Each structure stands twice: as structure tokens, then as C-alpha cells.
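Below is one structure; the comments refer to it alone.
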Number of protein chains: 2
Amino acid sequence: MSDTPSAATRAPAPGRAAFDRDEQRRRKREAVLRVAASAFNRRGFANTSMDDVASVLGVSKPTLYQYFKSKQELLYACHQVAMDNGEAGLALAAAHDGTGLEKLIIYLRRYMEGIFGDLGNCPVLTDVDSLVPEDRANVVARRKRISAATKELIALGVADGSIGPCDPKLASLFALGVVNWIPAWYRDSGPNTPEEIMESFAALLISGLAAPAAPKRQRAKAKPKA
Amino acid sequence: MSDTPSAATRAPAPGRAAFDRDEQRRRKREAVLRVAASAFNRRGFANTSMDDVASVLGVSKPTLYQYFKSKQELLYACHQVAMDNGEAGLALAAAHDGTGLEKLIIYLRRYMEGIFGDLGNCPVLTDVDSLVPEDRANVVARRKRISAATKELIALGVADGSIGPCDPKLASLFALGVVNWIPAWYRDSGPNTPEEIMESFAALLISGLAAPAAPKRQRAKAKPKA
DNA sequence: GGTCCTCCCTACCATTTAGTATTTATATTT
DNA sequence: AAATATAAATACTAAATGGTAGGGAGGACC
């Protein structure tokens, strides 16, 4: 106590220790999120208890509360990851210089990659109602922007002739439905790889949306079965 | 009061009174199911309490238990209605004499009609886990049959040339995803009528699946918006 | 009028589960 | 090595909610 242990002694590398700790903490937090997302996705948000999540991780429930202050925050984080994927796809599409249809497919591919990714295998976005009102408003608004951007992409395609005449609003709901429904049936142990699925779906979307007289009519080389 | 209005008037059809009672009971049961299905669909099964359902109907909770022995039975009934719609569509498709693609569209249209119908606006089929094990097995098995039939319809179309080469399994997941996702966004108060939606989606599915060189390449006469 | 029978409601119970208070172990710093 | 801060476990609280028991109101039939 003769000397207050503050400044001089902690100076050498006080930051690194803190950094390592923070890094570990960050990783643990992510592990919690990953497990929770997977469980929420498989069994539903309300059907998954915090004890369930904890037991999968081999820890006890209060531990989870060191990383997320509530179950709802966990759900909120899941929603954000999913929306991050959507926005990443939109950014990719914006960066690509091509037709509206091409942009749309680039976007949807990226979005699907997120869905298949460990973390992005995120909760069916249905459960907006379980969120805290403030978070809900946030999620709804952000999702609305993503939806609108999807619609705009399709409208662009219709305008430049790469997409056949259609109602962009309905066409976007069509495309997003296909993609959003994936978590409902996809299982890692299933017969198809994410790549096969993305390939097939992209091809189906392309042929579904492409303008009838489109110059290059792509179709995935499907494996004939019989 | 001199004459009890009972006997004479009731005598002619004593059975009718009983019938009316049963009929009333049946109607009440249906009302419960309708309200519950709507609530489950909107807010999720687990987020909807029996008190919620009861209060919408203006009755008390125990009353519900006169028509359904448990909340899970209510969910089971919802699943059955949805599957009834699917099977009705399959029957319609089987009765139609045409290409695989035509059959598929007939089936999916009927299925969508069910989804838009008051009652068929049924719970996202996701919540299989909330069912009693026995019911769950039943639902899973029946759904698997419907899924398989959908796949078969597509395989038929591929075989007869009305549908382009593709993996029938993935194509069926594609088509069912579009349709199953509808309850997630459709609202009666929305801008589009069920007919418009069905028309658009059918057109998108047709052009998405039809064989490239298909003789009659249909495209819905979309209303050009601008 | 008396007796069912049907229906529904007011409590109530029991279970599940989100979240917390308190204690114990672990690692880091001086 | 002592001290401190962090992390995690045990044991608990409180609220929500599925489901039930028992009673009361009203019509139907003798």
C-alpha cells in the first residue's frame, strides 16, 4: 500500500491482458449465440429454454446472462445477424455492375450463404413478437428496408429488360419466401449440400424471372435422376 | 302459459333438437379453431395463451376445453386442416388429365386457396415439436407423403417434358417454400388480393419450371406498373 | 314443479422457466 | 504469496400459464 499500484506498474502490458480477456469473452458470447440460434431455429424460440441452451454448452444458466442480458436480447442478436447477411448481399449487388437480374441473384446467393452458415442459420424471422418493443421496431424497420431494396432490385431488372414484366413487390415476396423457408427444412445431415441447393434455387429463380426473350437463358445442369 | 309450448311444437322433430345442439356445438368448435389458428399464425403457438384465445371469443378459458381437450389438440387440428388442403389439391391434380406441370399448378393453387381461407390460414407448420409425440408422428408421416407426392408430380412433369430438367426434390422444396411462407407476410388488409397473389405466383412457378423449349410458354399478363 | 342435462364461469393448482442473489473457484497483478 | 477481479455454479424467486374442480344458470322432459 505504500505505493498505489496504479499507473506505473500496470503500464507494461495492461492492455494485452485485457485484450485477451475481451477476446475470449467475445468468442464465448459468439458460441452462446451460435448454439442459441441453432436451437431457436430447430425448436422455436419459445420452445427453447435458457437451460436448454446452457446444457448444450455444458454450462449453467446464469453463465449465459453474463453474455446476454436476457433471452430476448439473444433473439435480437439472431435477427441482426440475419439482417446483416441480407444487407451484405445488397451491398454485393450494388457493387456488381450488371443487369437487375444478375444483381438480384448475387444478392440472394449471399443471403442464402448466410442462412447456411453456422451462425446465419438464424431463427425464422417470424418471431418478431417475442422481442422487446424497442427492438421490435428496430427489426421491423430494418427488414422493411431490406424488403424494399429487394423490390427495387427487381424493378430495376424489369426496367432494364433482364426480368420479365411482373409486379416487383410480389416477385420479391416470392423470392424471399423460397429463401426464408430454407431453415424450415434444411438439415446438415440432409442429402443435398448447400451449394447444390443454392445452385438449383438460383437456376429456378432465374428461369422464373428472366424475360421470355432473354438472350442467355441459363438453366442449371440438373443431374437427371432416372 | 296455458299451454306449454314444448310438446306439440317439439314433437314433430324430436331428433332435430338434438341435431341442432350438435350442430351448434360443431360450429362453436370450429369458431374456436378458427380463432386459435389465426392467433397461432400471427403470434406463434407458444406465444398464444389459451386465455388469449378465450378472450378473443369472449368466453372463459375452461370453455375452450369443452371443445378441445388440450392446447396441443388445437394445434393438431390446425395441422390437419392444412394437410387436408394439401391432399385436396393432390386429389384435384390426380383427377386432371394433363401434363405434370399443369397438375402441379392445379395442386399448388388449391393449396394456396386453403392458406388464404379463413381457417386454412393455418399455423406455420413449423411447430411440429409442440405436438404430443403420437400426433407428431402422424403429422410428420402425412406431411412426408404430401411432400413425396409433390416431388412425384414434378418428376412426372420432367418425364413428360412439361418441366425442364431439374432435381424434383429440390424443385418441390422450392415451390412449397414459396407457398408455405405466404402466411408469414400475408395480411387481409394488405394491398394484394389472394387472387392476384395466386396468379402471380403460379405464373412465376410456371416460367421457373417449364421446359426451355416448351411449346406454350405462359406468362401472366402482369400489370405494368409505371 | 321437480329433475336432468348442457353449458359456462370463478377460483384454484401445478409446472415450467426467465432471471437473480449468494457463494465458490480461478487467474492475474503486485 | 496476498489481493483483487472475473467467471461460473448452486439454489432461489416470481410470474405466466396449461389444465381442473366445483358450482350455478337455464332450458328440456317427466
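Below, all heavy atoms of this structure are taken into account, side chains as well, without hydrogens, waters or symmetry copies. These numbers were taken from a predicted model, which means no experiment stands behind them. Numbers restart at 1 for each chain; the letters A, B, ... are given by sequence-line order, proteins then strands.
Geometrically, A/K71 does not engage A/Y65 in a cation-pi contact defined by less than 6.0 Å to the ring centre and at most 45° from the axis.
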Criterion side chain to side chain contact (heavy atoms under 4.5 Å, CB included) on B/F174 and A/L205, from CA distance to verdict: CA-CA 9 Å; B/F174 179 92; A/L205 283 169; 3.8 Å; yes
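Heavy atoms of A/Y67 sit under 4.0 angstrom from primed sugar atoms or phosphate atoms, though from no base atom. Counting non-hydrogen atoms under 4.0 angstrom, A/K28 reaches the backbone sugars and phosphates but no base. At the heavy-atom level, A/S60 lies under 4.0 Å from base atoms of the strands shown.
Following rounding to the nearest Å, A/E73 (CD) and C/dA18 (P) show an atom-to-atom distance of 15 Å. In this structure, B/Y65 places its OH atom 13 Å from P of D/dA21, rounding to the nearest Å. Protein atom CZ of A/F45 is 13 Å distant from nucleotide atom P of C/dT17, rounded to whole Å. Per the geometry, NZ belonging to B/K69 stands 9 Å off P belonging to D/dG19, to the nearest Å.
When the side-chain nitrogen and oxygen atoms of A/Q66 are compared with OP1 and OP2 of D/dA8, one or more of them lie within a distance under 4.0 Å. Between A/S70 and C/dA18, a side-chain N or O to OP1/OP2 separation shorter than 4.0 Å is absent. Regarding contacts with the backbone of C/dC7, a side-chain N or O of B/R25 is found under 4.0 angstrom from either OP1 or OP2. Side-chain nitrogen and oxygen atoms of A/T63 include at least one within less than 4.0 Å of the OP1 or OP2 phosphate oxygen of D/dA9.
A salt bridge links A/D84 with A/R142: the closest approach of a Lys/Arg side-chain nitrogen to an acidic carboxylate oxygen falls below 4.0 angstrom. Comment: B/R43 engages B/D52 in a salt bridge, judged by a side-chain N to carboxylate O separation of less than 4.0 angstrom.
In the model, B/N41 has no side-chain atom that pairs as donor or acceptor with a side-chain atom of B/S38 under 3.5 Å. Side-chain contact, A/Y76 with A/N138: a donor N or O sits under 3.5 Å from an acceptor N or O.
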Distances under 3.5 Å between protein N/O atoms and the N/O atoms of nucleotides 11-17 of chain D, please, pair by pair.
none

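Minimum interatomic distance between B/F40 and B/C78 (heavy atoms only, all atoms of both residues): CD1-SG, 4.2 Å.
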